[in-house]
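Since this is a predicted model, take the numbers as computed values, not measurements. Residue numbers begin at 1 in each chain, while the letters A, B, ... track the order of the sequences.
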Amino acid sequence: MIEFIEHINTYASLLESGAVWQNTTNILAPVIGDEDNKQATTDYIYEFYCFLRIVVDLKVNYIIEFKEGDGIYQYNFPRKAANKKGKPRFHAWENGKLAFQLCAGTMINCEYDREKNHPDISFQLPEASENPSEEDLIIIMDAKFTEDPTAKLSKAEFYKFGGITDVFNLRETPKKAIRFDGFNDMFGNCLITNARSYASSSDLKLSKRWAIKEVENFFPGKKYAVIG
Amino acid sequence: MAIIAVNTKYVYIPELSISQFLKDGSQGEFKIESTERNLPIDVGNNIVFIKPQLSDLVFTNSGTIQKIGKRDFLPGKPVEQGKTAAYENKDKYHHHFNFKVEKTLHKNNRLSELEYSLPVVENYNKPETHFQSQYRTLVTNDFETIVNGWVYATRTVFGKLINALPRPNKLEFMIEAMDHFRTIDFRNTSLLDGLEFLYHYIDKRILSRGKLLVATDKILKSELSNLLPADQIGFVDPQTMTIFNINDQAKIFNSLFKLESERSLKQSLQDAVENNRGLETRFQKIFKRRSWPVDLEK
């Protein structure tokens, strides 16, 4: 059995290494600041985890291809939202034809100039350019991580996402069907969280009106549920 | 009666330069250079010998002063004209002492193991600074702690964990703790309650990200490695162009979670406390009204 002192020394030294990104001086979990801790915050680690889980699900019904980015972005995804050009992404193929593009944190233009936005995950039409607009979008997803998994997504988060489905014209039937496998109930504009949904499953009027699905408890080792 | 800790980095003891410990029962002598004519070291005083090892210090042996030896006078050099007096210009004495080795210290004999059990240590970033001189005096409690290799388990876990965090996280934790415990100095806040609060903080801030990284790394390796080089996937900060590699970071958290699954740190602490009930009470008295051992400068 590991001695007490050796145990705490080993644990503390692993914690010390883990709390800072290797070969950098950047800390892993930056201080949240004045915001209420319970509020969902943007968290690129969580966003990327959600992105990959979706890619894996799509592998069942599509041939998935990884498109390398340019230079330093060859295998690295931008930590913050960025322009699409030169960044890595995935392409989904079916019957020898490109079915759609799958991008992480890509900037999307829209008809209201100031309202361009960066959905965490965007499903884009096969012909979407390197500088896409809302015309290229099929569906979008946003990922919200909170440190309190019992918290609910806030009204502000829900309304903000509702605003995005509006400015991007995503409230109608999607331009193309996406054939998920296990995640088939996630075909739609999803607000994904490790915590709880804002809407209640017994009252989905607003979710339907704004074409929002909320995916709650989406976290390793947990069973997610779709509300909407 | 005074108890003396002798740092053999500054006080030459030939046997310790060639071996790890002094022999029990052996005798020897050492010399201390000082500008003081008299030193607070007497026949019968207890001593502990310290040997530096990498960045750590090892308490090798305990012993007693057998005899006060000769005292040599070394007159300081005259001050040259136009210069101010320096150390070499001061009169000095070489004090000689004879000692006998009592005991070899094997258990928890490193400063890194005892740092949170010795009230003399206040610099948790560089605890060795408290012993960086030819000798220093110790109080009886600390001498007992060192000779027996006793550890204040709760304070050691608290101190090691919090000081393993990056400074911004430490500051954030302390602010949350001040708010939670309604105190600014934590002198009357139970260390055990503080530790619970710290476990919770580490879990929500750091380990939650660790879990995500481990899960992401697993997906890359087991589900996507035919599409991309799993070990090379990461993030780039577009402003600084710094690369954050997922696999490198996940490896650390994998080791951490493996260690925790074999035996939880909480369990380890609980066992250490239960096996040494009396010790925790002894240390609680020694550290009464002491603030939490946090180094907020680094």
Side-chain angles (χ1 to χ4, degrees), chain A residues 1-33 37 43-46 48-49 52-53 55-56 59 64-66 68-69 72-80 82 88 90 145 147-149 194 219-221, chain B residues 108 112-113 151 153 156-157 160-161 163-166 168-169 171-172 176 202 204-216 218-220 223-224 227-229 232-246 248-249 252-253 255-256 259-260 262-263 265 268-269 271-272:
Chain A
M1 194 165 68
I2 184 166
E3 275 263 11
F4 166 73
I5 273 286
E6 196 194 334
H7 192 171
I8 175 60
N9 277 344
T10 311
Y11 191 101
S13 111
L14 288 168
L15 179 66
E16 189 170 11
S17 317
V20 178
W21 279 101
Q22 291 305 284
N23 309 311
T24 79
T25 52
N26 292 65
I27 71 171
L28 183 75
V31 170
I32 290 171
N37 276 351
D43 193 297
Y44 60 96
I45 299 174
Y46 183 63
F48 193 64
Y49 165 77
L52 289 190
R53 291 256 332 245
V55 171
V56 169
K59 263 179 57 179
I64 300 291
E65 175 197 10
F66 174 68
E68 292 178 11
I72 198 169
Y73 292 104
Q74 185 179 15
Y75 302 122
N76 294 303
F77 288 77
R79 191 161 79 137
K80 296 177 185 128
F90 290 91
F145 177 76
E147 291 179 350
D148 177 2
N194 62 313
F219 197 76
Chain B
N108 300 331
S112 60
E113 294 166 330
V151 167
T156 301
V157 171
K160 295 255 175 191
L161 287 184
N163 291 316
L165 297 178
N169 292 127
L171 290 169
E172 183 186 42
E176 286 183 14
I202 291 172
K204 68 168 182 154
R205 301 269 25 225
I206 316 278
L207 302 185
S208 61
R209 267 81 180 178
K211 274 180 208 153
L212 285 169
L213 285 167
V214 165
T216 304
K218 203 173 154 201
I219 293 173
L220 286 166
E223 311 267 9
L224 300 174
L227 304 182
L228 42 76
Q232 292 184 55
I233 301 295
F235 305 103
V236 173
D237 185 323
Q239 261 119 48
T240 61
M241 289 296 169
T242 312
I243 293 176
F244 307 89
N245 184 276
I246 291 172
D248 285 347
Q249 208 67 20
I252 299 167
F253 282 106
S255 307
L256 185 70
L259 178 73
E260 186 66 7
E262 284 161 5
R263 187 152 184 255
L265 185 60
S268 202
L269 171 60
D271 293 349

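The residue among E65(A), E68(A), E16(A) with the most heavy atom pairs within less than 4.5 Å of chain B is E16(A). With respect to chain A, the highest number of heavy-atom pairs below 4.5 Å among I219(B), L265(B), N245(B) belongs to L265(B). The candidate from A215(B), S255(B), P229(B) with the greatest count of non-hydrogen atom pairs under 4.5 Å with chain A is P229(B). The choice from L213(B), T156(B), N163(B), L165(B) that makes the most heavy-atom pairs within less than 4.5 Å of chain A is L213(B). Note: F77(A) leads F66(A), Y73(A), F77(A) in heavy-atom pairs under 4.5 Å with chain B. By number of non-hydrogen pairs under 4.5 angstrom with chain A, the leading residue of T242(B), D237(B), D248(B) is D237(B). Taking chain A as the reference chain and counting heavy-atom pairs below 4.5 Å, the highest number among V236(B), T216(B), V157(B) is found for V236(B).
Side-chain N or O atoms of T24(A) include none that pairs as donor or acceptor with a backbone N or O of V20(A) at under 3.5 Å. With hydrogens and angles ignored, the 3.5 Å screen pairs no side-chain donor or acceptor of Q74(A) with any backbone N or O of P88(A).
Note on K204(B) versus E176(B): salt bridge recorded, some NZ/NE/NH1/NH2 to OD/OE distance being below 4.0 Å. Ion pairing of R209(B) with E147(A) is present here, as a side-chain N (NZ or NE/NH1/NH2) and a carboxylate O approach within less than 4.0 Å.
More than 12 heavy-atom neighbours from other residues, nucleotides or ligands sit within 6.0 angstrom of NZ on K59(A).
Here the closest non-hydrogen pair linking R53(A) and F219(A) is NH1-O, 4.4 Å.
For F244(B), the parts lying near chain A are the backbone and the side chain together; criterion is any non-hydrogen pair under 4.5 Å. For A19(A), the parts lying near chain B are the backbone and the side chain together; criterion is any non-hydrogen pair under 4.5 Å. In this structure, no portion of L171(B) lies under 4.5 Å from any heavy atom of chain A. With a threshold of 4.5 angstrom between heavy atoms, N23(A) approaches chain B through side-chain atoms but not through N, CA, C or O. In this structure, the portions of I64(A) lying under 4.5 Å from any heavy atom of chain B include both its backbone and its side chain. Of the two parts of E262(B), neither the backbone nor the side chain holds a non-hydrogen atom closer than 4.5 Å to a non-hydrogen atom of chain A.
Between F235(B) and Y44(A), the ring planes lie perpendicular to each other; the angle is over 60°, past the 30° to 60° tilted range.
Contact of the L28(A) side chain with the I45(A) side chain is registered, since non-hydrogen atoms from C-beta on lie closer than 4.5 Å.
The distance from atom CZ of R79(A) to atom OG1 of T240(B), rounded to the nearest 0.5 Å, is 7.0 Å.
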